[in-house]
**Q** 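Before we start, here is the structure in question, set down as structure tokens.
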Amino acid sequence: MTSSVLERFLRYVQYDTRSDDGSTTVPSTPGQLVFQRDLAAELRAIGLSDADVDANGYVMATIPATTRKAVPAIGFIAHVDTSPEMPGAGVKPIVHQQYDGRDLVLPDDPTVVLRLADFPALADQFGRDLVTASGTTLLGADDKAGVAEIVTAAEYLIAHPEIPHGVVRLAFTPDEEIGRGANHFDVARFGCRCAYTLDGGSRGELESESFSADLMTIAFHGFNTHPGYAKGTMINAIKVAAHFIHHLPSDRLSPETTDGHDGFVHPYVQQSGVDRTIVKLILRDFETAGLAEKASFVAALAREAVAAFPGSRADITVDEQYRNMRVVLDRHPEVVAHARDAIRRAGLQVVTRSIRGGTDGSRLSFMGLPTPNLFAGEHNFHSRLEWVSRQDMEQAVEVIVALCRVWEERATL
Ligand SMILES: [Zn+2]
């Protein structure tokens, strides 16, 4: 198993599977379907006879149980798309053997240099083999490392039927990077007690908490008229919105000034006009109750802005985006506990992290499939300096296999 995860990874990253948030098709780009069809064929070739691509471009497959114990079915999930923010076609992966702290100059753009001084996580990789792209594209370790690890673990389990495990299901999803990865995920058809996404960073990491997230849209309404004859009648919605933005806190509650467990409010889009100006903000907090507090705080600022411009008004809507997966995972403590055991069994220290964002797992958890996130070895996501190490990927494969064993051992007869 140790050679094939790298071989698979190097093959997968050469598919252009960039997703596109401007597209309305499912999946958003045809390149993802090309990859999914080949992936399903590969899964069938290694013995997962039911592997198929559904109408929405999701691949699912089953590793049959090897035990007679009543083990709940568990799933492993990775996404096949890469970030639309970066070029993802023509990826040329390079393996840098036996990393020793040297600068890694990427040949297609020698100004792109992976330096130990810039990325402390590299200090953990001495003696390991690093994979990067060539300088002009992302690598796509996010999340083809996860795909390669799951497929390699599946091949290993099929080749070793003496390893006892229950039914193990695999899913490979499109369009995660544009937030649509869970949209067409058929949880009932997947049929698992829980699942694990392999889409995380350093070895040993386990993420069982994400932000809770809402989207707030504020439409400031003014009154437009010919500017030459506007005295006493014009109300400029752009100025109302500017007053509002100006009074948002800049020293706290902002992405630029928070980390760790602190949430924020973040205006990220504004559509401006004299008659109407729309401001969109994302609200983030690890506590769902904290979201409501943030929403009323922001709404009060909007009302103050309106009060400063008599005749203006504001329409405010709040839409739920996703919720902290911890709420669901706390009700199923064995899901995270077994993952901790499996990571330790692979000889690694468990590093628990909170995701300052959401994952498909956040949404899947609330769709009835508790889904924490496991490390896949990905680093410098969405960057030309993205990298992954061969040995980290191999250890992720070990964790997957160990996790299947742990669920079997803990099951009653
Ligand atoms: Zn990812």
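Heavy atoms only: backbone and side chains are in, while hydrogens, waters and symmetry mates are out. Numbering of ligands and ligand atoms starts at 1, following listing order.
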**Q** Quick check: of its N, O or S atoms, which one does D142 have closest to the Zn ion (ligand 1)?
**A** OD1
**Q** Please determine whether D199 has a backbone or side-chain N, O or S atom lying under 2.8 Å from the Zn ion (ligand 1).
**A** yes
**Q** If we check side chain to side chain donor-acceptor pair (under 3.5 Å) with R384, which of these qualifies: T136, D108, T137, D109?
**A** D109
**Q** Please check: side-chain N/O of E409 versus main-chain N/O of C404, any donor-acceptor pairing under 3.5 Å?
**A** no
**Q** Is there a donor-acceptor contact under 3.5 Å from the side chain of T17 to the main chain of V80?
**A** yes
**Q** Among the N/O/S atoms of H79, select the one at the shortest distance from the Zn ion (ligand 1) and name it.
**A** NE2
**Q** Are the aromatic rings of F35 and Y12 close, with centres under 6.0 Å apart?
**A** yes
